[in-house]
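Notes follow once the structure below has been shown.
Only a predicted model underlies this, so the values are computations on that prediction, with no experimental measurement involved.
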Amino acid sequence: MVETDEFIAEAKAEIREAIGDANAVIALSGGVDSSVAATLAYEAVGDQLTPVYVDTGLMRKGETAEIRDTFDFMESLRVIEAQDRFFDRLAGVTDPEEKRHVIGEGFIDEFEAVARDVDADYLVQGTIYPDRIESEGNIKSHHNVGGLPEVVDFEGIVEPVRDLYKDEVREVARELGLEEIISERMPFPGPGLAVRIVGEVTPEKAAVAREATHVVEEELEEYDPWQAFAAVLGKATGVKGDNRVHGWVVAVRSVESRDGMTARAQELDWSTLQRIQSRITGENENVARVVYDVTHKPPATIEYE
């Protein structure tokens, strides 16, 4: 990568050249990749850009409120409440790749609707280099690469950070002056909690994954993981009070990595793991047990689906 300030200047010039006098929408998720792409594009073309955040119902706890607060300087920001539409699309879908494609198509439909409203010809995305490698290598389809439908109603797609790794994107974020909550936050998958739910995605499973992930992020902050979260695997028998229950099995995952291409499961203290399981099972009556994932990448991927 070139020097960060040089990259920023070149990226803005590339965005201006690609978009010209047209309008564009930017897919803004709140993660560092899309936030950097949005900031670069906003500084490059200003009022020609409409940032679009789609609340799919599969976001982190408090994500939508944070987006409104962090990007309130972008007066054209649009927050789309699309939870029902995404859960309807995902009903009955159990195959991991199909999930990603369904979500990718859902995002494009939302972006195209806004684009028609603001007469935008271009879509800006925060695709980074590992996204492209994993999609092109058939490891998994990213919603903004392999998960896109074959035909999209845009004249072009602009990806200003497409050749950067995650650590390089963070450097750009710091140089751009983005808040630490954005520049240093853990990666979050584009398809959201859908890939942290094994099998069909439902509002109930999403709520369990969201609350459990919030617990994991809080409890493991001192470990400074590359990525830490909770996934919903299925159901198993448990005991709560004097009652036998059939509740969700939640897997805790915490890994160390540099760029996400490979990762090692973190070694956590037993007391930390016990505190996590106690909070997750205690704060959600529908969770019967909690397990810890010790698998590295490879052979596992970081996310579950």
For residues [X] and [Y], report the shortest heavy-atom separation together with the two atoms involved.
X	Y	answer
Ala206	Leu58	CB-CD2, 4.1 Å
Tyr165	Met261	CE2-CG, 4.2 Å
Ala27	Phe111	CB-CZ, 3.3 Å
Gln48	Gly20	NE2-O, 2.9 Å
Ala173	Val36	CB-CG2, 3.6 Å
Pro191	Arg100	CG-NH1, 3.8 Å

May I ask you to decide if [Y]'s main-chain N or O and [X]'s side chain share a donor-acceptor pair within less than 3.5 Å?
X	Y	value
Ser257	Thr262	yes
Asp69	Glu66	no
Ser278	Gln274	no
Arg210	Gly57	yes
Asn23	Leu49	no
Arg170	Arg185	yes

Between [X] and [Y], is any pair of side-chain heavy atoms under 4.5 Å apart?
X	Y	value
Leu178	Thr39	yes
Val169	Tyr129	no
Ser76	Asp47	no
Asp55	Ile80	no
Arg253	Val255	yes
Lys166	Asp33	yes
Leu268	Leu220	yes
Arg162	Gln125	no

Give a yes or no on this: more than 12 heavy atoms of other residues, nucleotides or ligands lie within 6.0 Å of atom [atom1] of [X].
X	atom1	value
Asp21	CG	no
Arg258	CZ	no
Arg16	CZ	yes
Glu204	CD	yes

query: Can you hop from Leu176 to Leu28 via hydrophobic side chains spaced under 4.5 Å?
result: yes
We want to know whether [X] and [Y] form a side-chain donor-acceptor pair, criterion being a heavy-atom distance below 3.5 angstrom.
X	Y	result
Ser29	Tyr53	no
Asp293	Tyr304	yes
His101	Glu105	no

Could you go through residues 222-240 and list every donor-acceptor pair under 3.5 Å that involves a side-chain atom there, pairing it with any protein atom two or more places apart or in another chain?
residue, atom, partner, partner atom, Å
Tyr223, OH, Asp269, N, 3.3
Tyr223, OH, Asp269, OD2, 3.3
Tyr223, OH, Thr272, OG1, 2.9
Gln227, NE2, Pro187, O, 3.4
Gln227, NE2, Glu303, OE2, 2.6
Lys240, NZ, Thr281, O, 2.7
Lys240, NZ, Asn284, O, 3.0
Lys240, NZ, Glu285, O, 3.4
Lys240, NZ, Val287, O, 2.9

query: What do the steps show when you test Phe154 against Asp121 for side-chain contact (heavy atoms from CB on, under 4.5 Å), and what is the final call?
result: CA-CA 5 Å; Phe154 287 100; Asp121 295 324; over 6 Å; no
Which pairs would a plain distance check flag for residues 88-96, meaning a side-chain donor or acceptor within less than 3.5 Å of a matching protein atom at least two apart in sequence or in another chain?
residue, atom, partner, partner atom, Å
Arg89, NH2, Asp109, OD2, 2.2
Asp95, OD2, Glu97, N, 3.1
Asp95, OD2, Glu98, N, 2.9

message: Between Val25 and Val118, does the side-chain contact (heavy atoms from CB on, under 4.5 Å) criterion hold? Intermediate values first, please.
response: CA-CA 9 Å; Val25 296; Val118 300; 4.1 Å; yes
- request: Go through the structure and list residues passing side-chain hydrogen bond (donor to acceptor under 3.5 Å, both in side chains) with Lys12, not counting sequence neighbours.
  value: Glu43
Straight-line distance of Ile8 CD1 to Glu171 CD, nearest 0.5 Å: 10.5 Å
message: Rounded at 0.5 Å granularity, tell me how far CD in Glu10 sits from CD in Glu3.
response: 11.0 Å
query: What class does the angle between the rings of Phe73 and Phe71 fall in, given that below 30° is parallel, 30 to 60° is tilted and above 60° is perpendicular?
result: tilted
- request: Verify salt bridge (charged side-chain N to carboxylate O under 4.0 Å, His left out) between Glu217 and Lys61, making sure each step is shown before the conclusion.
  value: CA-CA 11 Å; Glu217 290 180 345; Lys61 185 174 183 176; over 6 Å; no
Residues Glu63, Arg60; criterion salt bridge (charged side-chain N to carboxylate O under 4.0 Å, His left out); working and verdict: CA-CA 5 Å; Glu63 186 87 75; Arg60 282 180 267 216; 2.9 Å; yes
query: So Phe188 and Arg196, side-chain contact (heavy atoms from CB on, under 4.5 Å) or not? Walk me through it.
result: CA-CA 10 Å; Phe188 188 71; Arg196 296 178 180 175; 3.5 Å; yes
query: Run the side-chain contact (heavy atoms from CB on, under 4.5 Å) check on Glu180 and Ile182 step by step: do they pass?
result: CA-CA 5 Å; Glu180 192 171 305; Ile182 296 295; over 6 Å; no
